[in-house]
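Input: a single structure, listed below in structure tokens.
Proteins get letters first, then strands, A, B, ... in listed order; numbering begins at 1 in each.
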2 protein chains.
Amino acid sequence: MQILVVEDDNRISNFLVKGLEECGYLVTLCKNAEDVLKQYINIEWDLIILDIMLADMDGVQLLQALRYKKVYTPILMLSALNSVQDKISALDYGADDYLTKPFHFDELISRVRALTRRRQYEQLETPKAELQFGQLQINREQYKVTLAGQHVELSPREYKLLIYLVENIGKTVSRVQILNAVWGITFDNHTNVVDVYISYLRSKIEREDMKYIFTVKGVGYMFKG
Amino acid sequence: MQILVVEDDNRISNFLVKGLEECGYLVTLCKNAEDVLKQYINIEWDLIILDIMLADMDGVQLLQALRYKKVYTPILMLSALNSVQDKISALDYGADDYLTKPFHFDELISRVRALTRRRQYEQLETPKAELQFGQLQINREQYKVTLAGQHVELSPREYKLLIYLVENIGKTVSRVQILNAVWGITFDNHTNVVDVYISYLRSKIEREDMKYIFTVKGVGYMFKG
DNA sequence: CTTCTACTACAAGAATTTGCATAAGCTGGT
DNA sequence: ACCAGCTTATGCAAATTCTTGTAGTAGAAG
């Protein structure tokens, strides 16, 4: 797990690097914004920790620059001030989390874990176009689903629902979450479309002895591989 | 984990309450600012979700009033507008985070998690999804409870009650507190549902030589690990 | 130790809700 | 207008929730 720390204050950077290394992370330190954009931008980091106050460039500017260059690595911003404006612009320009100095190291670690956990997840899911769960095969490149070798014809909505469930494999997702993720933003909860589509999906991808979608009563549904 | 939602638009509040409950939070809904200051201010919430537009009082005013009264509960503001000015005043007056409607439910959940995570830190609670007490195992991600390896089938209400007891492990909780937290009932309406559900729970998760729920006569119940 | 009282446990059944399948209505593209 | 896909509506079985009523129990008072 590789972390890039961008920080020009030696006291803080020492503290960060030492602490993170003790927790088992591989840490690289960079002391100015320019080098980040020149050298470090091409390396695949698992997380970038960015101080909002740098000598040569505003941290938020750097953040903006990174996002502009399509760097989607999780970014955790550090700030000495508890400035409201900073917080807003940091999160607005695509920071994933925000921490105000001084902070407890435990809190930093917990946020680092949270951010890298998500990353692990995405890395696990994204590069694999071909997913397999027992007899069920999903090709995300070709939008093709097969069950025991047989092609399964899914409508766009059914497919989207299946993908959402698979992306959250092992986790219970609520109807409201599904409604949001698969149907888009809506405040309408007097609908049973989710139930109906779960039913459609089950009838298409499940057999008597092959179940993938499990009902969690009172909550929602869960996909198991 | 108890959340107070202050929202007067029924569609949105339904959606919020349902969604949050499905995600395992104990949610209480309040439809106007006055009641918050009168009744709900004395209850210890883990998070308050506050709409910036309320019929009887501006959300920011309510926020100010709460902070003035030394309520330091994390507050997440919701707004229909994407106004920067609103954002700034909300955060200036002590909101901990800000979300613009319409939003993805997943985003709300992630912010709720972030805000309650910090709280957990202060309380030094374990942010673990997998809890274990002797032979009893609770997986909060999968809503799954096992006793000595055996899966225990709990109804939603039973599960919620168990979670509430576990969250207050070692502390005696009164029937009124339980009623309030698990049933969302803020008044005593002479019901013995709590007793009944305690009984249900005991029959499902306890054995002759494995007790978890202890009766504190005249007061309530206590969970011991 | 016995009695009394307030409290607690739990069984049984009524009322309600939920999940699911099916059917029927709707919509946008061709 | 047709069709596929999407959404809403409806009915039903099963699960869940909640009330009622009774038996049981702990602990104080005598």
> Are side-chain N/O atoms of A:Asn139 and A:Glu130 paired as donor and acceptor at under 3.5 Å?
Replying inline: yes

> Are A:Lys217 and B:Glu158 close enough for a salt bridge, meaning some N to O gap below 4.0 Å?
Replying inline: no

Hey, is the side chain of [X] poking within less than 4.0 Å of OP1 or OP2 on [N], counting only N and O atoms?
X: A:Ser155; N: D:dG5; answer: no
X: A:Trp183; N: D:dT7; answer: yes
X: B:Arg175; N: C:dC7; answer: no
X: B:Lys217; N: C:dT8; answer: no
X: B:Thr215; N: C:dA9; answer: yes

Starting from [atom2] on [N], measure out to [atom1] on [X] and report it in whole angstrom.
X: B:Glu153; N: D:dA15; atom1: CD; atom2: C1'; answer: 10 Å
X: B:Arg202; N: C:dA11; atom1: CZ; atom2: P; answer: 13 Å
X: A:Asn192; N: D:dT7; atom1: CG; atom2: P; answer: 11 Å
X: A:His190; N: D:dT8; atom1: NE2; atom2: C1'; answer: 14 Å
X: B:Leu201; N: D:dT17; atom1: CG; atom2: P; answer: 11 Å
X: B:Asp195; N: D:dG24; atom1: CG; atom2: P; answer: 17 Å
X: A:Arg157; N: D:dT7; atom1: CZ; atom2: P; answer: 4 Å
X: B:Phe214; N: C:dT8; atom1: CZ; atom2: C1'; answer: 16 Å

Using a heavy-atom cut-off of 4.0 Å across all strands, would you classify [X] as base, sugar-phosphate, or nothing?
X: A:Thr191; value: sugar-phosphate
X: B:Val216; value: sugar-phosphate
X: A:Tyr221; value: sugar-phosphate

>> Tell me the closest heavy-atom pair linking B:Cys23 and B:Tyr143, and the distance in Å.
In response: C-OH, 3.2 Å

> What is the ring orientation for A:Phe223 with A:Tyr212, classed by angle as parallel under 30°, tilted 30 to 60°, or perpendicular over 60°?
Replying inline: parallel

> Counting only distance, no hydrogens or angles, is the base of C:dT8 paired donor-acceptor with the side chain of B:Tyr197 under 3.5 Å?
Replying inline: no

>> Is it the case that the base of D:dC18 and the side chain of B:Tyr200 share a donor-acceptor contact (distance under 3.5 Å, atom types as modelled)?
In response: yes

>> So if I take every side-chain heavy atom of A:Ser199 and compare against C:dC10, C:dA21, D:dT19, which nucleotide ends up nearest?
In response: C:dA21

> Quick one: which of D:dG5, D:dT7, D:dT19 gets closest to the side chain of B:Val196?
Replying inline: D:dT19

> Between B:Leu76, B:Thr28, B:Leu47, B:Leu20, which is the residue that forms a side-chain contact (heavy atoms from CB on, under 4.5 Å) with B:Val5?
Replying inline: B:Leu20

